[in-house]
Every structure is written in structure tokens, then in C-alpha cells.
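Working notes for the structure below.
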Amino acid sequence: MERSNPSTRVDVAIVGAGPIGLCFANALSRRGVSALLIDRQPRASLEAPPSDGREIALTRASQETLEALDVWPRIPHEERATMRAAKVFDGQSLFAMQIAPRAGQDAELGCLVPNRVIRGAAHAALSAASEARAEVLWRTESEVEAFAPSADDTRVEIRLAGGETLEAALLVAADSRFSTTRRAMGIPAHTYQHGQHMLVCRMHHAQPHDFTAWEWFGHGQTLALLPVDSHCSSVVLTLPPAQMDALMTLPQADFETEITRRLEGRLGTMTQAAEARRYPLVSVYAERFVGPRQALLGDAAVGMHPVTAHGFNLGLEGVRRLAGLIGDAREAGQDIGAPRLLARYQREQRLATGPLFAATLAIVGLYTDERPPARLLRKAILRAGEAAWPVRRLIAGHLMRSAG
């Protein structure tokens with residue numbers, strides 16, 4: 001790659017200033033590692049992101065990580081929705097597998113926060129951290145045009161679309177499951193097109209939900225209700241694209257009637273509280289998480305199906321893991337982009353994500369299969385899970401476990 005001097009030099013260049021990229025830069029700053037964030041959006045959109053309709057389910061470990069990064073205190077209490085328990089339904093049956101903390105344990109199963117709120121808080125926390133610690137640089141309304149290893153293989157040379165050149169010891173892609181940086185790194189990814197679209201919309205309902213999340217596998221649809229307030233939930237509905245087209249074009253009154261019908265009136269009449277948004281459902285798992293002075297983070301490495309709500313939490317695990325390894329290497333005077341360090345990150349992150357990714361795909365396959373044997377099997381699984389308390393405790397334990 002042709003070089004134009006002088007180049008800006010940093011320890012880590014991060015492509016993508018979403019919540020994972022912001023948290024990663026924050027974590028690096030706290031370990032004395034300089035970072036530069038590259039994003040196509042203007043800075044104002046990152047500082048005050050618009051609503052995208054999505055609610056993020058946070059495990060206790062994720063809350064602890066956000067607390068350590070000064071993100072959690074910047075999330076207003078009114079934006080934190082308690083999730084005390086969860087229920088899993090199948091079809092029209094009133095039976096549900098219950099997932100909750102242990103009896104007598106005064107604890108939440110999890111917490112739900114709007115994605116836009118997390119992003120805004122992450123930006124504010126990073127801005128404060130970068131003023132007090134290692135410098136964090138920004139290149140917004142910009143994108144990477146090319147990159148290549150330096151002649152002595154100690155750094156990555158990066159050229160931005162406007163012609164500016166940068167140098168970093170490590171280049172990290174955190175630019176979504178459709179990452180252009182991952183493709184430019186030459187890292188293939190297994191992509192699963194699920195053939196469905198996801199609708200998200202806050203709805204008021206007549207009956208309270210007791211701050212319990214619902215996962216409901218109905219015939220020809222998958223529904224989730226995520227508690228926002230005692231009489232308000234974020235409804236998540238997955239349907240084939242043609243059916244979603246028809247639903248999204250309904251007048252508001254008809255839309256509310258249709259959502260009430262799809263929920264069989266279990267929470268009474270549903271009324272729309274926010275704009276409905278839709279997203280195609282695509283799962284992604286990269287064949288490799290690292291390359292020569294390169295690493296993938298967040299959805300660029302693992303883009304989860306939302307049915308098990310693991311995506312952002314796994315991304316934060318990656319932030320803790322990679323930032324910790326880099327910080328330790330810096331303190332020891334070692335190369336922060338060394339192959340051994342990156343290999344360890346890849347090994348540990350694949351062990352943390354691989355089984356959950358495979359299990360999620362299996363769940364999606366089972367619960368979108370409408371053939372009679374599959375319907376019988378999923379009813380049996382729910383009954384077995386309810387009877388086998390260790391299964392429920394395992395799920396609850398994952399949601400409630402500490403980051404330590």
C-alpha cells in the first residue's frame with residue numbers, strides 16, 4: 001500500500017463505533033492503550049443515537065462490565081427494566097417452562113435497556129475516560145479504503161477514503177455482522193439466512209406481566225415480550241417477509257388488533273406505544289477471529305440470532321477478554337499484536353461463543369419447523385426442561401453469573 005507521510009500512530013485502530021467498539025476503546029484507555037475509532041456516521045449521531053426500537057437484555061456479568069467502564073451509572077434508572085423471570089410457551093398451550101432465580105434469592109434474572117440508551121451512555125463514558133487517561137482519537141464520517149502490514153511487520157498501515165494514513169499495532173473490526181473490514185481481511189464467515197424478518201415495537205397492554213419475559217413459539221411465528229414497565233412490553237415478532245410486509249402496511253388500529261390476536265389476548269388489548277421497526281434475521285460466525293495484527297470483535301466475529309438474547313453479552317465478553325490481554329501485554333512491555341496473544345483471544349472467545357451459537361441455531365431450527373414430529377419434540381423438551389430443574393437453573397445461572 002502506498003504511504004503518504006506523516007501518519008497518525010496509535011496502539012489500536014477500531015473500525016466501528018457501535019456500543020462494542022465504544023466499550024472496547026474505553027477499556028483500552030483504562031489500561032493506558034491508545035485507540036482510534038473509525039466510523040461512517042457523524043459524531044453527533046454517535047453522541048445522541050436515534051431510536052432503533054431494540055431492547056438489549058443484559059446479564060449480570062454485562063452489567064458489571066458496564067459498571068467498570070462507567071457506562072452503567074450513565075444509564076438513567078427509568079431506562080432500566082427489571083426482568084424478574086422468563087416463561088417459554090409453545091403453541092396454544094397455557095403450559096410454560098419457568099426460568100427464575102433460586103427460591104428465596106432476592107435477585108433479578110436480568111435487565112433490559114434500549115439499545116440507543118446503551119450507545120449514548122457508552123459514548124459519554126468513553127469521552128470522559130479519554131479526557132482522563134490515554135488519548136482516544138476519532139475519524140468519523142470516514143471509512144477504511146485499504147490496509148497492509150508494515151515492511152517490518154510490526155504495525156498495520158491503514159489508508160482512509162480521504163487519503164489520510166494511519167499506523168496501529170493492531171486493527172480491530174467491530175463494524176457489524178455485515179463487516180466490510182472482515183471481508184477485506186480475507187476472513188470468511190458462515191452466514192445463515194433464516195428466511196424471516198423481525199419486528200420490534202413497544203406496546204401497552206391491559207394486563208400486567210409481572211416483569212416476566214415471554215418467549216412464545218407459535219405456529220408459523222415466534223413471539224417475545226420483553227418487560228419495559230408493568231403494562232408495557234417490547235414485542236418482538238418474527239415472520240416470513242411477505243407476512244411481515246402485510247403486517248407493516250396495516251393502519252394502526254388494525255395493527256394493534258392483529259398483535260392482540262397473535263398473542264391470543266393473554267395480556268388483554270394491545271396498543272401501540274412506539275414506531276414498529278423491522279430487521280432481516282441473519283446469523284454469522286466467522287471462520288477465524290484473528291489475522292496478522294487483526295482481530296474481530298462483537299457481531300463482526302459472532303452475529304447471533306436474537307432468540308436467546310446472547311449477542312451483546314457475548315460481545316462484551318470479547319471486550320473484556322481482548323482488552324485484558326492487550327492491557328496485560330502493555331504492562332509487561334510485550335507486543336500487543338503478537339500472534340500468541342491473538343491466538344489466545346481466538347481460542348477463548350470461540351470456546352465461549354461456539355456452543356451457544358450452535359445451540360441457538362438448533363433452537364431456531366426446531367421452533368420454526370412446523371412438521372408434526374417437530375411440534376411434538378418441542379413440547380416434550382419444554383416439559384423436560386420444566387421437570388429437570390437443573391436445566392432451568394443452568395439458563396438462569398448464565399443470565400445471572402458474575403463477570404469475575
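Position 1 is the first residue of the sequence, and the numbers go up from there.
The shortest distance between side-chain heavy atoms of S283 and M304 does not fall below 4.5 Å. The shortest side-chain heavy-atom distance between Y345 and L296 does not fall under the 4.5 Å cut-off. For the pair C111 and V113, the minimum side-chain heavy-atom distance is below 4.5 Å. The closest side-chain heavy-atom distance from T180 to V15 is not below 4.5 Å. Using a 4.5 Å cut-off on side-chain heavy atoms (C-beta onward), H204 and H231 make no contact. Contact check for V12 versus V33: side-chain heavy atoms found under the 4.5 Å cut-off. Within the 4.5 Å cutoff, the side chain of R119 has heavy atoms near those of the L46 side chain. Contact of the C23 side chain with the L69 side chain is registered, since non-hydrogen atoms from C-beta on lie closer than 4.5 Å.
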Criterion side chain to side chain donor-acceptor pair (under 3.5 Å) on H205 and T269, from CA distance to verdict
CA-CA 6 Å; H205 39 79; T269 301; over 6 Å; no

Give the intermediate values and the outcome of side-chain contact (heavy atoms from CB on, under 4.5 Å) for residues T165 and I158.
CA-CA 6 Å; T165 60; I158 305 163; over 6 Å; no

Would you check, one step at a time, whether the test side-chain contact (heavy atoms from CB on, under 4.5 Å) holds for C201 with Q272?
CA-CA 7 Å; C201 182; Q272 192 169 350; 3.7 Å; yes

I would like to know whether F255 and L199 meet side-chain contact (heavy atoms from CB on, under 4.5 Å); could you show each step before the answer?
CA-CA 12 Å; F255 175 84; L199 173 142; 3.9 Å; yes

Residue pair I14, F24: steps toward the side-chain contact (heavy atoms from CB on, under 4.5 Å) verdict
CA-CA 9 Å; I14 306 166; F24 183 53; 3.5 Å; yes

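Using modelled atom types, no side-chain atom of R159 and backbone atom of L166 make a donor-acceptor pair closer than 3.5 Å. Formation of a donor-acceptor pair under 3.5 Å by the R84 side chain with backbone atoms of A213 is not found in this model. For Q346 (side chain) and F289 (main-chain N/O), a donor-acceptor pair under 3.5 Å exists by modelled atom type. For the pair R80 (side chain) and I75 (backbone), a donor-acceptor distance under 3.5 Å is present. Distance alone, capped at 3.5 Å, is enough to place a donor-acceptor pair between the R293 side chain and the D153 backbone. No donor-acceptor pair under 3.5 Å is formed between the side chain of S29 and the backbone N or O of A25. Judged purely by atom type and a 3.5 angstrom limit, R31 has no side-chain atom pairing as donor or acceptor with the backbone of A27.
Counting heavy-atom neighbours within 6.0 Å of R344 CZ, excluding the residue itself, gives a total of 12 or less. Other residues, nucleotides and ligands contribute more than 12 heavy atoms inside 6.0 Å of the CZ atom of R277.
Within the model, atoms OG1 of T222 and CG of L281 stand 9.0 Å from one another, a figure rounded to the nearest 0.5 Å. Taken from CG in L225 to CZ in R266, the straight-line distance is 11.0 Å, to the nearest 0.5 Å. Interatomic distance, Q294 CD to T181 OG1, rounded to the nearest 0.5 Å: 10.0 Å. With rounding to the nearest 0.5 angstrom, the CZ atom of R155 is 12.0 Å from the CG atom of L171. Rounding to the nearest 0.5 Å places CG of L36 at 9.0 Å from OG of S142. To the nearest 0.5 Å, atoms CD (E258) and CG (L263) are separated by 10.0 Å.
Ring-plane geometry between F211 and H209 is classed as perpendicular, the angle between the planes exceeding 60 degrees on a 0 to 90 degree scale with a lower cut at 30.
Defined by atom type and a distance below 3.5 Å, a donor-acceptor pair is present between the side-chain atoms of D11 and S34. Using a 3.5 Å distance cut-off with no hydrogens or angles, the side chains of T238 and H197 do not pair a donor with an acceptor. When only modelled atom types and interatomic distance are considered, D152 and S150 share a side-chain donor-acceptor pair under 3.5 Å. For T191 and Y285, the side-chain atoms include no donor-acceptor pair closer than 3.5 Å. E256 and Q252 share a donor-acceptor pair across their side chains, judged by distance under 3.5 Å alone. Inspection of the S62 and T59 side chains reveals an N or O donor paired with an N or O acceptor under 3.5 Å. Under 3.5 Å, the side chains of R30 and N26 contain a donor-acceptor pair of N or O atoms.
Q41 and D39 get closest at one heavy-atom pair: N-OD1, 2.8 Å. Residue V284 comes nearest to A189 through the heavy atom pair CG1-CB, 3.7 Å, listed as atom of the first residue, atom of the second, then distance. The two residues A300 and S179 make their nearest non-hydrogen contact at CB-CB, 4.0 Å. Taking every heavy atom of both residues into account, A125 and D70 meet most closely at CB-O, 3.5 Å. Contact record, A169 with I336: CB-CG1, 3.8 Å, taken as the closest heavy-atom pair. Taking every heavy atom of both residues into account, L58 and Q63 meet most closely at O-NE2, 3.5 Å.
The pair E79-R116 meets the salt-bridge criterion, since a charged nitrogen lies less than 4.0 angstrom from a carboxylate oxygen. A salt bridge does not link D175 with R183: every distance from a Lys NZ or Arg NE/NH1/NH2 to an Asp or Glu carboxylate oxygen is 4.0 Å or more. Under a 4.0 Å N-O distance rule, the pair E64/R60 does not qualify as a salt bridge. Taking a cutoff of 4.0 Å between a charged side-chain nitrogen and a carboxylate oxygen, R43 and E47 do not qualify as a salt bridge. Ion pair R202/E275 not flagged as a salt bridge, since none of the NZ, NE, NH1 or NH2 atoms sits closer than 4.0 Å to an Asp/Glu carboxylate oxygen. Salt bridge annotation for D245-R278: present, with a cationic side-chain nitrogen under 4.0 angstrom from a carboxylate oxygen. Using a cut-off of 4.0 Å between Lys/Arg side-chain N and Asp/Glu carboxylate O, R139 and E164 are scored as salt-bridged.
In this structure, R54 forms a cation-pi arrangement with Y279, its terminal cationic atom sitting closer than 6.0 Å to the ring centre and no more than 45° off the ring axis.
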